[in-house]
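Here, residue 1 is the first one in the sequence, and each next residue gets the next number.
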Amino acid sequence: MIERNTICAISTPPGVGGVAVVRISGKEAFSIVEKIFAPAKKGLHLSEQQPYTLTYGKIFREENILDEVIVGIFRAPNSFTGEDTVEITCHGSTYIQQEILKLLIEQGCTLAAPGEFTQRAFLNAKMDLSQAEAVADLISSASAASHRLAIRQMRGGFSKELLNLRAKLLDFVSLIELELDFGEEDVEFADRTQLLELSSKIKEIIHKLVNSFSLGNAIKNGIPVVIVGETNAGKSTLLNHLLNEDKAIVSDIHGTTRDVIEDVININGISFRFIDTAGIRNTGDEIESLGIKRTFQKIDQASIVIWMIDTTHFNTEIEYIADKIVPRTKKKKLIIVFNKIDKLNEEEQSVLEEEFLPHIPAERIFLSAKFKRNTEVLEKALLKAANLPDITEDDVVVTNMRHYEALSKALGAIERAEEGLKDGIPADLVSQDIRECMHYLGEITGEISTDEILGNVFKNFCIGK
């Protein structure tokens, strides 16, 4: 374990609550806390307490009682950070929280940087870098699916896959480099056919991991769903209903929404990132035209497109709008939503369902966003359109952009090695490509790391974690 200064931070969210937790970690954690904490049981010392025990007592500033607290003890190396750690559970007053921090700093603590507790866990070999990143994913998980993936990665499922790959690559490169030591004797320790088979298998595994990122990214950040259509079709009303809040301005005036509005909604454990866009129409308004341009950009970025149509206001622009939307949805899920059915009778609805652009392959749903009728039908259609596969305990899914980039580079390196083996290029060049592949895999777990990589990983953590 590397010796470092003792750090402290508030680990619970900012603001007032029933309780708050102040965390202290480092070599002097026990001795510093003992200077400000008096156990209720006289003669008791924190440094003598058994690990994983709680002690009730009072925090003092000089002779004055600041708060009654419970103190938890975690001893090195069997703690989250791998260091001696104390957690003070106090009342949730912001004044009390800040005063306890001040006392700790006065006694020799340093205020922790964002992610410093988790960074110490990594540096003290309590977890690898990909597991450390999974801690942040777990904290920010907003759906059952993203929670499952974060838990699996934090428990080492992804790391195990990468360690197996690196072990195979190490065997691979060791055989080739052994030949280089006997270069003058023209011996061949590695069967080229077997090496080619191995490189092909490794390439297949890395390729599968790279391809899993689209699924992992959708689960982690939400499946992008864009709501498009002409002005006043009810797009913002639908978004507000799904969010259960007045996020978007609703008005009878055409062209009210001029910019993109986004928010995440959880439906049956799956996150959908809804994007409300400017209504599509021919307009001379420069600002509105910019909003419409962004609408088309969001269609290109979305996985699911909801085309919303005002059933009471069909006009010549429908064909114009169809020409703008439909060609952009060829590789996406398109759902046509007919809004304001409260103003239609059954016969009019039936005619629309049968005769409206029948050549367009899309599910058709009739609802009233204003009166919240049939919106549950839309939610079921979204779950069906998402079509997320069941993820088993053995499946490894990539959710992190840094991992995706490193895996993509590793894939390029192993592909070059495979081509080199096929073309019979010198062994030292093949060895270089294999080592490059190992390097990028090692970057993911932190076996190969730099201050820049660590800085990028931990800078977005919350303070206190």
Checklist entry - Would you say the side-chain atoms of R155 pair up with the backbone N or O of Q131, donor to acceptor, closer than 3.5 Å? => result no
Item to check | Whether S174 side chain and L170 backbone form a donor-acceptor pair below 3.5 Å | outcome: yes
Checklist entry - Are K298 and E262 within salt-bridge range, i.e. N to O under 4.0 Å? => result yes
Next on the checklist: Counting only heavy atoms from other residues, nucleotides and ligands, does the tally under 6.0 Å from NE2 of H91 exceed 12?
Outcome noted: no
Next on the checklist: With a 6.0 Å cut-off (strictly less than), is the heavy-atom count around NZ of K370, excluding the residue itself, greater than 12?
Outcome noted: no
Checklist entry - Shortest non-hydrogen contact from L378 to I365? => result CA-CD1, 3.8 Å
Checklist entry - Under 4.5 Å between any side-chain heavy atoms of M154 and E133, yes or no? => result no
Next on the checklist: Tell me whether D137 is salt-bridged to K220, with the criterion being a basic N under 4.0 Å from an acidic carboxylate O.
Outcome noted: yes
Checklist entry - Considering all heavy atoms of both residues, which atom of A112 and which atom of I463 are nearest to each other, and what is their separation? => result O-CG2, 3.9 Å
Checklist entry - Of the non-hydrogen atoms in K332 and A302, which two are nearest, and what is the gap between them? => result NZ-O, 2.9 Å
Item to check | Parallel, tilted or perpendicular: ring planes of F213 versus Y404, cut at 30 and 60 degrees | outcome: parallel
Checklist entry - Considering residues, nucleotides and ligands other than K333, do more than 12 of their heavy atoms fall under 6.0 Å from its NZ? => result no
Next on the checklist: I'd like to know if the side chain of S93 and the backbone of Y95 have a donor-acceptor N/O pair within less than 3.5 Å.
Outcome noted: yes
Checklist entry - Any side-chain heavy atom of V22 within less than 4.5 Å of one from E87? => result no
Next on the checklist: For D300, is there any backbone N or O sitting under 3.5 Å from a side-chain donor or acceptor partner on R328?
Outcome noted: no
Checklist entry - Between the side chain of E379 and the main-chain N/O of I267, is any donor-acceptor distance below 3.5 Å? => result no
Next on the checklist: I want to check something: taking the side chain as every heavy atom from C-beta on, are I100 and C90 in contact at a cut-off of under 4.5 Å?
Outcome noted: yes
Checklist entry - Can you tell me how far the CD1 atom of I7 sits from the CG atom of L111, to the nearest 0.5 Å? => result 9.0 Å
Item to check | Sidechain-backbone polar pair: N339 side chain, A233 backbone, donor-acceptor under 3.5 Å | outcome: yes
Checklist entry - Would you say S11's side chain and G464's backbone share a donor-acceptor pair under 3.5 angstrom? => result yes
Next on the checklist: Just verifying a value: how many Å separate L162 CG and L169 CG, rounded to the nearest 0.5 Å?
Outcome noted: 10.5 Å
Checklist entry - Is E161 atom CD crowded by more than 12 heavy atoms from other residues, nucleotides or ligands, each under 6.0 Å away? => result yes
Next on the checklist: Could you check whether R120 makes a cation-pi contact with F80, meaning its NZ or CZ is under 6.0 Å from the centre of the six-membered ring and within 45° of the ring axis?
Outcome noted: no
Item to check | From CA spacing to verdict: side chain to side chain contact (heavy atoms under 4.5 Å, CB included), I24, T85 | outcome: CA-CA 6 Å; I24 306 98; T85 302; over 6 Å; no
Next on the checklist: If I compare all heavy atoms of P39 with all of L44, which pair ends up nearest, and what's the gap?
Outcome noted: CG-O, 3.5 Å
Checklist entry - Run the side chain to side chain contact (heavy atoms under 4.5 Å, CB included) check on I275 and Q301 step by step: do they pass? => result CA-CA 10 Å; I275 307 158; Q301 295 168 12; 5.9 Å; no
Item to check | Steps toward side chain to side chain contact (heavy atoms under 4.5 Å, CB included) verdict (I65, F60) | outcome: CA-CA 5 Å; I65 297 173; F60 283 87; 3.4 Å; yes
Item to check | Side-chain heavy atoms of E83 within contact of N124, under 4.5 Å | outcome: yes
Checklist entry - Could you give the distance from CD (E116) to CG (L123), rounded to the nearest 0.5 Å? => result 9.5 Å
Item to check | Short side-chain to backbone donor-acceptor contact, R402 and E443, under 3.5 Å | outcome: yes
Next on the checklist: If you apply the rule side-chain hydrogen bond (donor to acceptor under 3.5 Å, both in side chains), what do you find for T81 with S25, and how did you get there?
Outcome noted: CA-CA 7 Å; T81 60; S25 180; 2.9 Å; yes
Checklist entry - Cation-pi between R152 and F158: NZ/CZ under 6.0 Å from ring centre and within 45° of the ring axis? => result no
Item to check | Exercise: identify the closest heavy-atom pair between A406 and I444 | outcome: CB-CG1, 3.6 Å
Checklist entry - Are side-chain heavy atoms of D263 and L242 found at a separation under 4.5 Å? => result no
Item to check | Any donor-acceptor pair under 3.5 Å from S368 side chain to F371 backbone | outcome: yes
Next on the checklist: Once rounded to the nearest 0.5 Å, what's the spacing between atom OG1 of T399 and atom CD of Q153?
Outcome noted: 5.0 Å
Item to check | Nearest-0.5 Å distance, CD1 of residue I205 to CG of residue L411 | outcome: 12.0 Å
Checklist entry - Which is it for D128 and S159 under the side-chain hydrogen bond (donor to acceptor under 3.5 Å, both in side chains) test, yes or no, and what are the steps along the way? => result CA-CA 8 Å; D128 66 33; S159 302; 2.4 Å; yes
Checklist entry - Tell me, do L454 and L129 make a side-chain contact under 4.5 Å, heavy atoms counted? => result yes
Next on the checklist: Checking H241 against T375 for the side-chain hydrogen bond (donor to acceptor under 3.5 Å, both in side chains) test, could you report, in this order, the C-alpha distance in whole Å, the side-chain angles of both residues, the deciding distance, and whether it holds?
Outcome noted: CA-CA 9 Å; H241 165 59; T375 50; 3.0 Å; yes
Checklist entry - Do E418 and I414 have side-chain heavy atoms sitting under 4.5 Å apart? => result no
Item to check | V86 vs F74, side chain to side chain contact (heavy atoms under 4.5 Å, CB included): CA-CA, chis, key distance, verdict | outcome: CA-CA 6 Å; V86 178; F74 307 87; over 6 Å; no
Item to check | Neighbour count >12 (heavy atoms, 6.0 Å) for atom CD, E204 | outcome: no
Checklist entry - In terms of heavy-atom contacts, does NZ of K380 have more than 12 from other residues, nucleotides or ligands at under 6.0 Å? => result no
Checklist entry - What's the spacing between Q432 CD and I425 CD1 if we round to 0.5 Å? => result 9.5 Å
Next on the checklist: Assess whether a salt bridge exists between E447 and R166, defined as any Lys/Arg side-chain N lying under 4.0 Å from an Asp/Glu carboxylate O.
Outcome noted: yes
Checklist entry - Is S79 reaching over with its side chain to a backbone N or O of D84, donor-acceptor style, under 3.5 angstrom? => result no
Item to check | side-chain hydrogen bond (donor to acceptor under 3.5 Å, both in side chains) assessment of H45 paired with Q49 | outcome: CA-CA 7 Å; H45 297 282; Q49 287 292 91; over 6 Å; no
Next on the checklist: Just so I know, are the side chains of N266 and F272 near enough to count as touching, which here means a heavy-atom distance under 4.5 Å?
Outcome noted: no
Checklist outcome for this item: Heavy-atom closest pair (A76 atom, G82 atom, distance to 0.1 Å) is CB-O, 3.3 Å
